[in-house]
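Below: one structure, written as structure tokens.
As the structure is a prediction and not an experimental result, all values here were calculated from the model. Below, read A as the first sequence line, B as the second, and so on, with proteins coming before strands; counting in each chain starts at 1.
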Amino acid sequence: MVVRARFAPSPTGYLHVGGARTALFNWLFARHEGGEFRLRIENTDTSREVAEAVDQIRGTLAWLGLDHDGPVTFQLDRVSEAQAAARRLVDEGRAYEDEGAIRFRMPDEGVTVWDDIVLGRIEVPSEELDDLVIVRSDGRPTYNFVSPLEDALDGVTHVIRGQDHVSNTPKQLRILEALGADLPRYAHVPLLNGPDGRKLSKRHGAITVEDFREQGYIPEAFVNFLALLGWSYDDRTEVMTRGELVERFTLERVGKSPAVFDYDKLSHLNGLYLRALPPADYADRLVAYLRERGYEWDEQLIRGAAPLVQEKIETLGEFPAYAGFFFARIESEGEVDGQVLPAAAETLAAVEPFEAGQIEAALRGLAERLGLKPREAFQPIRVAVTGSTVSPGLFESLELLGREESLARLEGSGRGGARGSSAR
RNA sequence: GGCGCAUUCGUCUAGUGGCCUAGGACACCGCCCUCUCACGGCGGCGGCACGGGUUCGAAUCCCGUAUGCGCCUCCA
């Protein structure tokens, strides 16, 4: 039997990290099993926002690299089938009309049981199950009816979703049973919380995958991080490629308890992935990211700066603040000790060729002549040239800036600070 | 309130009766490296929610308590 999983978001906007994690688990499971991963949109109306949200969701899944099989299906397209199925249930006495709506008759006694792949065996006594509205009085079928119906129609074999659906499961199982459909296996994955232990929400910071993309996280790192939220391979392996994740992922190793979304760890992983990128690839991503964010900086200069920051920043989003001085003079915050500046300018004017190695040798020589420790001599130069006490390597930065611009900044500072210009 | 699920360092987790004086990672602290920052290396801090059992032996099994979360909608 071919395994078929599905991700069934409702089109309410950008994909939330929790939804992305659910999608990822479904995708990893399907790919691991050599099965299919379907995308189904659980919409109930045709409002304009739906079309946009669907595009957003598809865009996010594509960015994450979660490709789906078959066409995207819409709940809306199943309305008539759902209505027909509901009528059949009424004819069979399994459902009845109630003030214009149709209610499903839940059993009065016994228990509904399923063996959840994550949670284990769960039993729900029938007294807990109230007769359920399956078609509203306006004719639209409800979620708890169409969702299992669609699973049956699509031949879904594994329903992998958040634990907030646990109490829907017995209802859906009963409906499937009444419909005479094959029952899928269920796996209820733990929910995601914010750092305060409460449900993840906007006040915790970034919340949609799109937010993280804008902040300069890259999909490889994000996927790796998401996979580790509620799932683990062993007691020490954390950094895994997409291929390794697919190869190693099993639902049996998904945990039962909710996880807190740890922004610090995500950043750390992102930095790891960024540093591991081949330099040319890194530069490509930086250029693409900055373009997307609306920066119109010179591409060659961005590429030149890329290797100077690759070891330094954890997200692409840190680049403008960290390396913006390459593109515009930055007013330095603090006082610049102007003592070494004229001497540094004089020294740099004579460096030939004007490249990092020569610059370093010359400036170290200067520090020695002035009787200064390297740090004492270099910090003022750094501040004068970059506008900050924290920057990429000084010598490499001077080389990239070029002799003329470097000297201009050293002299500008000597006269009381460089002129800033628009950074965008 | 009812029902369900969960509970190992601050966080993500390993752990399925002896391998655990509980392992790894992030964060944090210290040292080293060093032109700043970062990277890297080394070291440190820090946890089995609580109470009863069962057992020669329990983080692991059972019961209870507490806490958290979820659902209880003609939302999905």
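Under the 3.5 Å distance criterion, the side-chain polar atoms of A/R382 are left unmatched by any main-chain donor or acceptor of A/G387. Side-chain atoms of A/N144 do not come within 3.5 Å of backbone N or O of A/Q172 as any donor-acceptor pair. Proximity of a side-chain donor or acceptor of A/H32 to a complementary backbone N or O of A/V246 within less than 3.5 Å is detected. Looking only at distances, no side-chain donor or acceptor of A/R103 sits under 3.5 Å from a matching main-chain atom of A/A95. A donor-acceptor pair is defined here as one N or O able to donate and one able to accept, closer than 3.5 Å; such a pair exists between the side chain of A/S388 and the backbone of A/V390.
Pair check for B/U11 finds B/A25; Watson-Crick or G-U wobble, both atom distances under 3.5 Å. Across the strands present, B/C3 finds its partner in B/G70; the criterion is a Watson-Crick or G-U wobble pair with both atom distances under 3.5 angstrom. Shown here, B/C61 forms a base pair with B/G53; the pair counts as Watson-Crick or G-U wobble because both key distances fall under 3.5 Å. Nucleotide B/U36: unpaired (no Watson-Crick or G-U wobble partner with both distances less than 3.5 Å).
Salt-bridge annotation for A/R285 and A/D281: present, with a side-chain N of the basic residue lying under 4.0 Å from a carboxylate O of the acidic one. Electrostatic pairing of A/R409 and A/E411 does not count as a salt bridge here, judged by no charged N lying under 4.0 Å from a carboxylate O.
Protein atom OH of A/Y186 is 18 Å distant from nucleotide atom C1' of B/C5, rounded to whole Å. What separates CG of A/L226 from P of B/A25 is a distance of 22 Å, to the nearest Å. A/L269 has its CG atom 13 Å from the P atom of B/U13, to the nearest Å. Per the geometry, CZ belonging to A/R236 stands 11 Å off P belonging to B/G23, to the nearest Å. Rounded to an integer number of Å, the gap from A/M240 CE to B/G24 P is 17 Å. Rounded to whole angstrom, the span from the CG atom of A/L266 across to the C1' atom of B/U13 amounts to 16 Å. Taking atom OH of residue A/Y233 and atom P of nucleotide B/U13, one finds them 18 Å apart after rounding to whole Å. Following rounding to the nearest Å, A/D264 (CG) and B/U11 (P) show an atom-to-atom distance of 13 Å.
Near RNA chain B, meaning a heavy atom under 4.0 Å away, there are no residues from residues 109-126 of chain A. Of all the residues in residues 351-372 of chain A, A/R364 reach under 4.0 Å from RNA chain B with at least one non-hydrogen atom. Proximity of residues 304-313 of chain A to RNA chain B (heavy atom under 4.0 angstrom from any strand atom) is restricted to A/E311, A/K312. Residues of residues 395-402 of chain A having a heavy atom closer than 4.0 Å to RNA chain B, listed by number: A/F395, A/E396.
Backbone-only engagement by A/E128 is indicated by non-hydrogen atom pairs under 4.0 Å involving sugar-phosphate atoms exclusively. At the heavy-atom level, A/L394 lies under 4.0 Å from base atoms of the strands shown. Residue contacts for A/Y322: at a heavy-atom cut-off of 4.0 Å it reaches a base atom on one of the strands shown. A/R253 comes within 4.0 angstrom of the backbone, heavy atoms only, and of no base. Note on A/G255: nothing from the nucleic acid sits closer than 4.0 angstrom, heavy atoms only.
Note: A/F222 and A/F212 meet the aromatic proximity criterion, with ring centroids under 6.0 Å apart. No close placement of the A/F326 and A/F319 rings is indicated, their centers lying 6.0 Å or farther apart. For A/F249 and A/F25, the ring centers are positioned less than 6.0 Å apart.
Only the P atoms considered, B/G2 is 34 Å distant from B/U55, to the nearest whole Å. The same atom, C1', is picked in B/U7 and in B/G47; the two are 12 Å apart, to the nearest Å. B/U8 and B/G23 have their C1' atoms separated by 11 Å, given to the nearest Å. With C1' as the reference atom, B/U73 and B/A59 are 41 Å apart, rounded to whole Å.
Residues in residues 130-139 of chain A take part in these side-chain hydrogen bond (donor to acceptor under 3.5 Å, both in side chains) pairs, two or more places apart or across chains: A/Y96-A/D131, A/D138-A/R140. Identified under the ring pair (Phe, Tyr, Trp, His ring centres under 6.0 Å) test for residues 149-179 of chain A, with sequence neighbours left out: A/F29-A/H158, A/Y143-A/H165. Applying the side-chain hydrogen bond (donor to acceptor under 3.5 Å, both in side chains) test to every pair with at least one member in residues 305-316 of chain A, sequence neighbours left out, gives these pairs: A/T315-A/E318.
At a cut-off of 3.5 angstrom, counting only N and O atoms as typed in the model, there is a donor on one side and an acceptor on the other between the side-chain of A/R382 and the base of B/C35.
Looking at heavy atoms from C-beta onward, A/H268 lies out of side-chain contact with A/F225 at the 4.5 angstrom threshold.
Using modelled atom types and a 3.5 Å distance limit, the side chains of A/D264 and A/S267 yield no donor-acceptor pair. Side-chain atoms of A/R161 and A/S147 include no donor-acceptor pair closer than 3.5 Å. A donor-acceptor pair shorter than 3.5 Å cannot be found between the side chains of A/T157 and A/R4.
Within a 6.0 Å radius of CD in A/E346, other residues, nucleotides and ligands contribute 12 heavy atoms or fewer.
Under the side-chain contact (heavy atoms from CB on, under 4.5 Å) test applied with A/L269, the options A/D262, A/V239, A/L274 reduce to a single match, A/V239.
Qualifying side-chain hydrogen bond (donor to acceptor under 3.5 Å, both in side chains) partners for A/Q75, counting only residues two or more places apart in sequence or in other chains: none.
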Donor-acceptor contacts, no H, no angles, side chain residues 105-127 of chain A, under 3.5 Å, sequence neighbours left out:
residue, atom, partner, partner atom, Å
A/R105, NE, A/G93, O, 3.2
A/T112, OG1, A/R174, NE, 2.8
A/T112, OG1, A/R174, NH2, 3.2
A/W114, NE1, A/D116, OD2, 3.1
A/D116, OD1, A/V118, N, 3.0
A/D116, OD1, A/L119, N, 3.0
A/D116, OD1, A/H188, N, 3.1
A/D116, OD2, A/H188, ND1, 2.6
A/R121, NE, A/E123, OE2, 3.2
A/R121, NH2, A/E123, OE2, 3.2
A/S126, OG, A/E109, O, 2.9
A/S126, OG, A/G110, O, 2.9

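With A/W231 as the aromatic partner, A/R21 does not meet the cation-pi criteria of under 6.0 angstrom to the ring centre and within 45 degrees of the ring axis. Judged by the 6.0 Å distance and 45° axis criteria, A/R78 is not positioned over the aromatic ring of A/F74.
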Sequence-aligned protein contact record of nucleotides 62-76 of chain B, with B where the base is within under 4.0 Å of a protein heavy atom and S where only the sugar-phosphate is: -------SSS--BSB
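Contact check, A/T389 against B/U36: no side-chain N or O comes under 4.0 Å of OP1 or OP2.
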Can you tabulate the close N/O pairs, meaning under 3.5 Å, that link protein atoms to atoms of nucleotides 7-10 of chain B?
none

Please list, for nucleotides 40-47 of chain B, all pairs of protein and nucleotide N/O atoms separated by less than 3.5 Å.
none

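Heavy-atom nearest nucleotides on RNA chain B were determined for A/L228 and for A/K265, and the one closer to the 5' end corresponds to A/L228.
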